[in-house]
Amino acid sequence: MENLNGKTLTLIGAGNLGRAIINGLLVADFLDNNKLIVTKRNIRSIEYLGDQGVQIESENITAVNPADIVIICVQPGQLPDLARELDGYLAGKLVISTVTGANLARLHELFGENTSIVRAMPNTAMAVQESMTCLSSRVNGELIEQTETIFSALGRTIKIEDDLMQAATVLGASGIAFWLRLIRATTQGGIELGFDAPEAQKIAVQTCLGAASLLASGIPHPEAEIDKVTTPKGCTIAGLNEMEHMGLSSAVIKGLVVSFDKINDLK
């Protein structure tokens with residue numbers, strides 16, 4: 001990964017998201033130039049990381065003291081207690097929060113108005129360096145560049161307004177689950193058409209990758225590519241029309257809106 005000039009990074013909370021960050025950084029050769037410290041109450045589940053050069057700690061203050069950058073990956077309900085525990089220990093450090101639902105105003109309320117905080121919403125595809133990470137912050141310059149350096153090593157990043165972070169959580173983070181369910185549905189359809197499950201999944205996954213790659217290459221709108229494979233009276237348009245008749249687009253949009261409403265209820 002791009003050099004962070006020998007920074008020490010401490011990650012607090014090695015749950016599913018935290019481990020995805022760690023694994024992605026290891027794949028990105030973070031430890032070639034920097035130091036990584038990870039905390040978890042029960043360190044047994046992450047002891048394997050010690051063999052890869054990661055320093056493992058069970059005490060948050062011990063882990064935070066030498067850090068230049070602190071990534072907070074705890075559950076929302078744990079945030080107030082963590083803020084009290086780390087009171088006075090974050091001065092001069094860059095703090096990156098991945099905590100769902102905690103906006104910048106709340107984070108500054110807990111950790112101090114003068115604390116340098118960036119809010120990040122990645123997804124678990126960080127483990128394979130394919131995350132879409134949304135960033136919001138009041139800081140700029142070197143600190144936001146450091147944050148982008150970290151998460152660019154784990155996929156792609158985009159800076160957005162903080163009031164869009166809840167929507168970003170649904171579209172980008174929860175979105176991993178939504179896309180996996182769509183791929184699973186496509187796989188199940190393939191099985192019904194006669195493929196064995198591994199074959200159907202392989203075809204579904206690669207086709208999904210291909211579709212996404214076409215858009216990533218610069219095609220301005222999905223319909224432009226859809227038109228290339230929907231011939232008059234053909235099987236593709238027949239299948240698309242039936243899916244729409246059964247509510248495909250409506251169901252996806254409604255699911256996103258319901259998820260968004262739920263995350264706002266959790267504030």
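Quick note: residue numbers are just sequence positions, from 1. FYI, side chains are in, hydrogens and waters are out, and symmetry mates aren't considered; it's all heavy atoms of this structure.
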Could you list the donor-acceptor pairs under 3.5 angstrom formed by side chains in residues 14-22, with sequence neighbours left out?
from: Asn16; atom 1: OD1; to: Arg19; atom 2: NH2; distance (Å): 3.0
from: Arg19; atom 1: NH1; to: Ala14; atom 2: O; distance (Å): 2.9

Between side-chain atoms of residues 196-203 and protein atoms elsewhere (two or more places apart, or another chain), which donor-acceptor pairs fall under 3.5 Å?
from: Glu199; atom 1: OE1; to: Asp196; atom 2: N; distance (Å): 3.3

Output side-chain donor-acceptor pairs under 3.5 Å for residues 240-260, partner residues at least two apart or in another chain, one line each.
from: Asn241; atom 1: ND2; to: Ile237; atom 2: O; distance (Å): 3.4
from: Glu244; atom 1: OE1; to: Ser249; atom 2: OG; distance (Å): 3.2
from: Glu244; atom 1: OE2; to: Ser249; atom 2: OG; distance (Å): 2.7

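- Residues passing the salt bridge (charged side-chain N to carboxylate O under 4.0 Å, His left out) test with Glu225, sequence neighbours excluded: Lys228.
- Leu209 belongs to a hydrophobic cluster whose remaining members, ordered by chain and number, are Ile183, Val205; membership requires side-chain heavy atoms of ILVMFWY residues under 4.5 Å apart, directly or through intermediates.
- With sequence neighbours excluded, no residue satisfies side-chain hydrogen bond (donor to acceptor under 3.5 Å, both in side chains) with Thr231.
- Residues passing the salt bridge (charged side-chain N to carboxylate O under 4.0 Å, His left out) test with Arg106 are Glu109, sequence neighbours excluded.
- In the hydrophobic clustering, where aliphatic and aromatic side chains (Ile, Leu, Val, Met, Phe, Trp, Tyr) are joined below 4.5 Å either directly or transitively, Ile61 groups with Ile12, Val64, Val70, Ile72, Val74, Leu79, Leu82, Leu86, Tyr89, Leu90, Val95, Val99, Leu104, Leu107, Leu110, Phe111, Ile117.
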Would you be so kind as to tabulate the donor-acceptor pairs closer than 3.5 Å made by side chains of residues 171-180, with sequence neighbours excluded?
none

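- Under a 4.5 Å side-chain heavy-atom cut-off, the cluster of Ile, Leu, Val, Met, Phe, Trp and Tyr residues that includes Ile219 is completed by Leu214, Leu215.
- Residues satisfying the salt bridge (charged side-chain N to carboxylate O under 4.0 Å, His left out) test with Arg84, not counting sequence neighbours, are Asp81.
- For the salt bridge (charged side-chain N to carboxylate O under 4.0 Å, His left out) test, no residue two or more places apart in sequence or in another chain qualifies with Glu161.
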